[in-house]
Amino acid sequence: MVTKKIAVLFSGSGTNLEAILQKLHGKIFGDIKIEVVMTLTNKPDAGGIEKAAKYGLTSVVIDNKKFASREEFDVALVDEIKKYDVDLVVLAGFMRILTPIFTENLRAINLHPTILPLFKGAHAIEESYKSDMQVGGITVHWVSAELDGGKIIAQKTFSRKNRTFEEWEAKIHKLEHKLLPKTIVEILKKDQ
Ligand code: GAR
């Protein structure tokens, strides 16, 4: 049995962090055991802090506002995460544009609430809803220096039907809470 260590980074309510903690933390999948060894946020008031605390995890807070540049912030992130010797970094609603300082030093995946490469950026759910596309979806991809541009690992789509914006958003989150944990397990098992 090999223990695989992951770090989860978040900026907001942390429902995806919670799904990871519920479904993966301390659990065994074949010959691996997964542990969330650190949680980290850039927002001192992020809802995910409380969710992590329920699992006995004290989130590291690195407030990006305290740094003069993206690069300095990323140095602090990398230094902190490196202390935990993780197998994978998971960006679960971590709303920061990352520089090569981060992307070249950490092996990370990101969750995005659209079918990439469509609707990159921070307003993706709204933009995808307002488009005339008849399908929506979500993506898990490797993090690269290009925003929302790394190699795609997994996607899930759904049909528009007559969904309101709230229903569209809820559908996205429902799919995310399944696909992200599933993809993490697949990556860590493949590493074996
Ligand atoms: C998720 O919908 C995720 O796809 C999105 O932030 C939300 C976080 O929700 N990420 C991005 O838009 C990244 N560009 P949560 O805090 O409840 O997990």
Side-chain angles (χ1 to χ4, degrees), residues 1-43 46-60 77 81 84-96 98 102-103 106-116 119-120 122 124-125 128 135-144 148-158 167-192:
M1 179 76 56
V2 184
T3 298
K4 296 285 181 181
K5 296 188 276 182
I6 63 172
V8 184
L9 277 52
F10 59 96
S11 299
S13 60
T15 63
N16 283 285
L17 162 67
E18 191 170 41
I20 291 167
L21 289 167
Q22 270 172 7
K23 294 180 180 183
L24 308 186
H25 187 47
K27 303 246 158 70
I28 291 166
F29 300 87
D31 52 3
I32 65 164
K33 181 178 181 188
I34 299 179
E35 295 281 354
V36 177
V37 294
M38 72 123 31
T39 52
L40 184 152
T41 184
N42 63 313
K43 295 269 185 201
I49 294 174
E50 211 171 293
K51 294 191 170 80
K54 284 191 202 146
Y55 288 80
L57 290 159
T58 305
S59 298
V60 176
L77 279 185
I81 296 167
Y84 294 82
D85 189 29
V86 295
D87 296 287
L88 186 68
V89 178
V90 178
L91 308 186
F94 190 62
M95 305 302 279
R96 295 294 306 160
L98 298 162
F102 184 100
T103 60
L106 294 167
R107 181 180 188 237
I109 60 170
N110 181 46
L111 172 67
H112 190 77
T114 66
I115 314 165
L116 287 174
F119 311 111
K120 295 179 177 182
I125 298 183
S128 64
V135 289
I138 60 169
T139 302
V140 180
H141 64 94
W142 291 108
V143 174
S144 73
D148 298 329
K151 191 170 166 47
I152 292 167
I153 306 163
Q155 290 181 310
K156 206 85 197 169
T157 58
F158 61 92
E167 290 165 346
W168 179 270
E169 198 171 28
K171 180 71 180 173
I172 285 171
H173 294 316
K174 193 172 171 203
L175 293 177
E176 288 182 334
H177 298 161
K178 277 192 197 154
L179 186 68
L180 184 58
K182 181 171 174 268
T183 307
I184 294 168
V185 173
E186 283 168 7
I187 291 170
L188 295 174
K189 286 188 102 173
K190 228 184 254 176
D191 282 349
Q192 279 310 95

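Just so it is clear, the values below take in all heavy atoms, side chains as well, and ignore hydrogens, waters and symmetry mates. The residues of the chain are indexed from 1 along the displayed sequence.
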Quick one: does [X]'s side chain have a donor or acceptor within less than 3.5 Å of a partner on [Y]'s backbone?
X    : Y    : value
H25  : V36  : yes
T139 : Q155 : no
K156 : I172 : no
K51  : S13  : yes
T114 : A124 : no

Please test V8 against L57 for side chain to side chain contact (heavy atoms under 4.5 Å, CB included), starting from the C-alpha separation and ending with a verdict.
CA-CA 11 Å; V8 184; L57 290 159; over 6 Å; no
Once you round to the nearest 0.5 Å, how far does [atom1] of [X] lie from [atom2] of [Y]?
X    : Y    : atom1 : atom2 : result
K23  : E18  : NZ    : CD    : 11.0 Å
I184 : L180 : CD1   : CG    : 4.0 Å
L116 : K151 : CG    : NZ    : 13.5 Å
I34  : K189 : CD1   : NZ    : 9.0 Å
N110 : T103 : CG    : OG1   : 12.5 Å
T39  : L17  : OG1   : CG    : 6.5 Å

Taking 4.0 angstrom as the limit, do E167 and K171 come out as a salt bridge?
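The answer is no: the pair does not qualify as a salt bridge.
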With side chains defined as the heavy atoms from C-beta onward, is the minimum distance between I6 and I20 less than 4.5 Å?
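When only atoms from C-beta onward are counted, I20 and I6 do touch, with a gap below 4.5 Å.
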Would E186 and V140 count as a side chain to side chain contact (heavy atoms under 4.5 Å, CB included) if you check the C-alpha gap in whole Å, the side-chain angles of each, and the deciding distance to 0.1 Å?
CA-CA 12 Å; E186 283 168 7; V140 180; over 6 Å; no
Atom of [X], atom of [Y] and distance for their closest heavy-atom approach:
X    : Y    : result
H112 : F119 : NE2-O, 2.8 Å
A46  : T41  : CB-OG1, 3.5 Å
A7   : I81  : CB-CG2, 4.4 Å
H141 : G149 : CE1-N, 4.2 Å
A52  : S59  : CB-OG, 3.6 Å

Counting heavy atoms not belonging to [X], are there more than 12 under 6.0 Å from its [atom1]?
X    : atom1 : value
Q22  : CD    : yes
K120 : NZ    : yes
K174 : NZ    : no

For the side chain to side chain contact (heavy atoms under 4.5 Å, CB included) test, which of F94, F102, Y84 pairs with V89?
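With V89 as partner, side chain to side chain contact (heavy atoms under 4.5 Å, CB included) holds for just one option, F102.
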Run through L24, V86, D87 and flag the one making a side chain to side chain contact (heavy atoms under 4.5 Å, CB included) with K4.
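Option passing the side chain to side chain contact (heavy atoms under 4.5 Å, CB included) with K4: D87.
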Partner residues of F29 under the ring-ring contact (aromatic ring centres under 6.0 Å, His included) criterion, sequence neighbours left out:
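Scan of F29 (ring-ring contact (aromatic ring centres under 6.0 Å, His included), adjacent residues dropped) gives none.
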